[in-house]
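See below for the structure under consideration.
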Amino acid sequence: MSVDVLVIGAGPAGLAAARAARRAGARVVLLDSSDVLGGQFWRQPLAGGSDADIRALQHKWDRFVALRRVLTDDPDCEIVTGAQVWAVDRRDDAPPVVHALVGPADGGDRRRRVFVPRALVLATGAHERTLPFPGWDLPGVYTAGAAQAMAKGEGVAVGKRVLVAGTGPFLLPVAASLLHVGATVVGVVEASSWRRIARGWVPRPHELRPKDLMSKSAELGGYVRALAARRVPYRTGAAVLAAHGDSRVTAVTVARIADDWTPRQGTEQRVEADAVCVSHGFVPRTEIAISAGCALAADGSVRVDEEQRTSVPGVYAAGEITGIGGADLALAEGEAAGRAAAGRAGGAAEVARHRAFADRMHSAHGIRPGWKAWVGDDTIVCRCEEVTAGQLRTVLAATETRGLRSLKLSSRAGLGICQGRICGRNVEDLLPDAPLDPGRTANRPIVVPVRLGEIAAPPVEREV
Amino acid sequence: MESSDVVIVGAGIVGAAVARRLALGGFRVTVLDRGASAGGTSSSGEGNLLVSDKGPGAELDLAVLSGRRWAEFAAELPAELGPGFPDIEFEAKGGLVVATTATGADALLAFADTQRSAGVDARPVTAAEAAELEPDLTPRVAAAVFYPDDAQVQPSVATEALLASARRHGARLRQGVTVLGGVVSGGRLVGVDTTAGRFGAEHTVVAAGPWSAEVAGNFGVRLPVLPRRGTVVVTTRMPRRIRHKVYDADYVGAVESELAALQTSSVVESTAAGTVLIGSSRERRGFDERIEAAVVGELAAKALILFPFLADVPVMRAYGGFRPFVPDHLPVIGPDPRLPGLWHATGHEGAGIGLSVGTAELIGALMTGVEPEIPAAPFAVTRESLRKVTTG
Ligand SMILES: Cc1cc2nc3c(=O)[nH]c(=O)nc-3n(C[C@H](O)[C@H](O)[C@H](O)COP(=O)(O)OP(=O)(O)OC[C@H]3O[C@@H](n4cnc5c(N)ncnc54)[C@H](O)[C@@H]3O)c2cc1C
Ligand SMILES: Cc1cc2nc3c(=O)[nH]c(=O)nc-3n(C[C@H](O)[C@H](O)[C@H](O)COP(=O)(O)OP(=O)(O)OC[C@H]3O[C@@H](n4cnc5c(N)ncnc54)[C@H](O)[C@@H]3O)c2cc1C
């Protein structure tokens, strides 16, 4: 089968893109590294799970089931799960050549497939951003996404008494999932103050359509009710400043913070907890887009026009990689991208509507520089290579370099297995002066680790 | 206008080494870089300090001189820069060159003979001895030669160390300053114009790596330095199983592969951190930064010939840079008689990390008017083999 439109990522954005491209008559190949469709938003129990369980944890589930059915029933849409895109070759003014390995990642015999698509939709989503604090490397500290994946995917709670902390609306579904799998949530700690949240969400309500507002507030309202029913305290303008414990977390220090997130002296409280889930937002997964040559916006997301076109002809991007905005925006962008990739126009208005929400979320929950005051000299910044903030400062003082690349190579921060996905932006933010080579840590031509034996194999036929 | 005795254009390893040498020699030195320190080629390659790949001639002489300087520098450094300075990871671990075919074996042994006649310690070893040196090496060894004098450094840290040492001796470094052109007075280059204003200097040294032709061009002289792309892949950390630097003998007559103008010959080595570096390709493709799966695949395939066990080891990163290459494959070092006041220290291709400190030695001697330890003439920009490209 020839490939008109190749879609990478089968979350809300990728699924919507595949369907829209099919509706416009294009032959579609949809790739996802996961074994199931749905992405982060519709992450499902690994072992099936009852319909009631799924519905309790999932939103817009019927929409997903419908999307999935349309695509799996369609002979002109090839869905390849377990397909890890590990590299792309940039071409001049054309979509890149896409290299995938298909099969179980830990199995010895993944198959190589190489695509030369006429149009490419990138819908690779985002990964979480976590700010460091003393003790965040203790067992028992999880990213909120990991905790949620365990709840949604395995029905397991990461602890008995769990604190959820960080910023953004994502904290709410995480707390709700934890409650659902039987944990006691001792609190949800949101860094933004009510004032800032209100300033972000409330003004110019006429810009939001009542229907959207209803849908959004119904979703968030549902979580808030679930928390209230279980008497889970929701604190704003506060943060976890440290996690304590010897072999694992036993308690955390929570304190009030100012609008710029600087801790307020004397407001520290100790909270007993055996697990902490933190999330400070999301970072677009842009490896493939960068290798393909797509220009980025100042915030590191992929720059697109109103029809989701990137700067590379034939390459479109949709969902979290174009800026963090949630599942509704991802669906709308996917729809527009799929249509445009198949050569049809339209869909921009829908995107603009959902963008309005995303913008509000950023002004309400964006990271503030005061977090740097939480970080002590002993606080690990790069977990893979165990580099502390103090070591970073020492290396910086010794070399006086103004380059991230040099700092990374001299300090080893970002050189480990995660390749700076976790620490890259934090390291950049910790520098006293803006680096002269910003964003260079985001350049990762090898998208995920692959075994040498898998890629040394002789080149395979290209699917054009 | 700021002024100093010497302005060095480029804070890569060559600029850094020259800055240190001249500062130690009493010159007031200013290093200018349009980007950050160690942000160019010197942090985009590997840190092999090799004699094994050099046949008799001027480059070998420079490599041998440089090898001595590296050993001294590595020994002096901790005391000079203090314990807070990151380790340059100097390791005199030795290199093992391995041929896996009969033709490769003949070429390798013949090459080693010529090297030995020039004083290089090049020791042919049997397959059994090779296996002792490298227990995980392929058993298909047709010939192998051990070079005890091959060493390595972490090139980016080494660049920073040379710069830090230069600063301690009075040199100044300005990052984020682009040199735009020269200031000529009475037929002499007396300074440079930059994005941060004018810097006056009696001597200006071009150490701009693969961008040297552009910098020299802005001074009005032709300098034949071209970029030659190289890609390196890095594995995840693992317990050390590769003890020396290990190369296939292909480089002796590097093979053409599937891709036009792509050559790979492997150099496989463990780093202090436990990763394994596999390098590197050579491609002529201008300043094209893309990294292609086929190149990565070629490097992987070559590495597996030497170390089959690597098949199960994950690679986590690929990166690349542009070797500053000169058509006759020798660096350009010394004053440029076409424009008095102008000096070059560039064009070291795939050996600039190693050759940087020897290069600095030559510049230092020539600038102070003393006889260098090795002849400088072969590196002169006026040499015969470059006449076609430097004149007109
Ligand atoms: C851990 C986590 C949990 C989240 N949970 C929620 C939640 O509960 N509620 C909520 O409203 N929002 C949640 N979000 C936000 C969520 O990302 C978006 O709302 C929505 O899923 C975005 O859709 P998307 O299609 O852009 O990306 P995603 O849904 O993330 O889909 C991206 C897909 O691309 C695939 N992919 C990425 N790279 C490759 C590659 N190289 N090769 C092959 N496939 C690849 C991934 O496997 C994934 O399936 C979560 C985000 C994260 C990171
Ligand atoms: C893949 C690869 C592997 C390699 N492996 C080895 C090895 O194992 N051993 C070895 O010895 N060598 C190796 N090399 C070669 C070595 O890296 C280079 O020879 C060396 O780094 C060159 O150093 P340099 O200081 O001349 O150039 P660079 O490090 O590139 O420094 C030049 C500097 O000049 C600056 N500059 C440019 N234009 C201007 C301007 N107009 N104004 C101001 N500043 C400017 C740049 O920003 C840059 O920082 C390798 C190279 C590559 C690409």
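In what follows, every chain begins at residue 1, and chains take the letters A, B, ... in the order their sequences are listed.
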Most chain A-contacting option - heavy-atom pairs closer than 4.5 Å, from G320(B), A164(B), A38(B), A318(B): A318(B)
Value rounded to 0.5 Å, distance of OG in S37(B) from CG in L436(A): 9.0 Å
Out of V114(A), V88(A), L415(A), return the one with the most heavy atom pairs under 4.5 angstrom to chain B. L415(A)
Should we say atom CD of E76(B) is surrounded by more than 12 heavy atoms from elsewhere, each under 6.0 Å from it? yes
Which atom pair, heavy atoms only, marks the closest approach of A311(B) to R451(A)? O-CB, 3.5 Å
Are side-chain heavy atoms of K408(A) and S156(B) found at a separation under 4.5 Å? no
To the nearest 0.5 Å, what is the distance between CD on E400(A) and CG on L163(B)? 9.5 Å
Would you call R402(A) and D33(B) a salt bridge, taking side-chain N to carboxylate O under 4.0 Å as the test? no
Roughly how far, to the nearest 0.5 Å, is the CG atom of L452(A) from the CZ atom of F307(B)? 12.5 Å
Nearest 0.5 Å, please: how far is CG in D92(A) from CZ in R290(B)? 4.5 Å
Contacting region of L173(B) [heavy-atom separation from chain A under 4.5 Å]: neither
Write down the atom of G453(A), the atom of L304(B), and the distance for their closest heavy-atom approach. CA-CD1, 3.9 Å
Go through the atoms of V97(A) and report whether side chain, backbone, both or neither lie under 4.5 Å from a heavy atom of chain B. neither
Top contributor to chain A contacts, counting heavy-atom pairs under 4.5 Å, from R237(B), Q154(B), R167(B): R167(B)
Name, in order of residue number, those residues of residues 81-89 of chain B that have a heavy atom at a distance of less than 4.5 Å from a heavy atom in chain A; otherwise write 'none'. G84(B), F85(B), P86(B)
To the nearest 0.5 angstrom, please state how far the OG1 atom of T236(B) sits from the CD atom of Q419(A). 10.0 Å
Counting only heavy atoms from other residues, nucleotides and ligands, does the tally under 6.0 Å from CG of D137(A) exceed 12? yes
Rounded distance (nearest 0.5 Å) linking atom CD1 of I417(A) with atom CZ of R317(B): 10.5 Å
May I ask you to check whether over 12 heavy atoms, not counting those of R240(B), lie within 6.0 Å of atom CZ? yes
What one should report as the nearest heavy-atom pair of E160(B) and S406(A) is OE2-OG, 2.5 Å
Distance-minimising heavy-atom pair for A36(B) and T401(A): CB-OG1, 4.1 Å
Bottom line for T235(B): the part with an atom under 4.5 Å from chain A's heavy atoms is side chain
Among P445(A), G293(A), A397(A), C418(A), which has the most heavy-atom pairs under 4.5 Å with chain B? P445(A)
To check you understand the geometry: which heavy-atom pair defines the closest contact between S44(B) and R405(A), and what is its length? CA-NH2, 3.8 Å
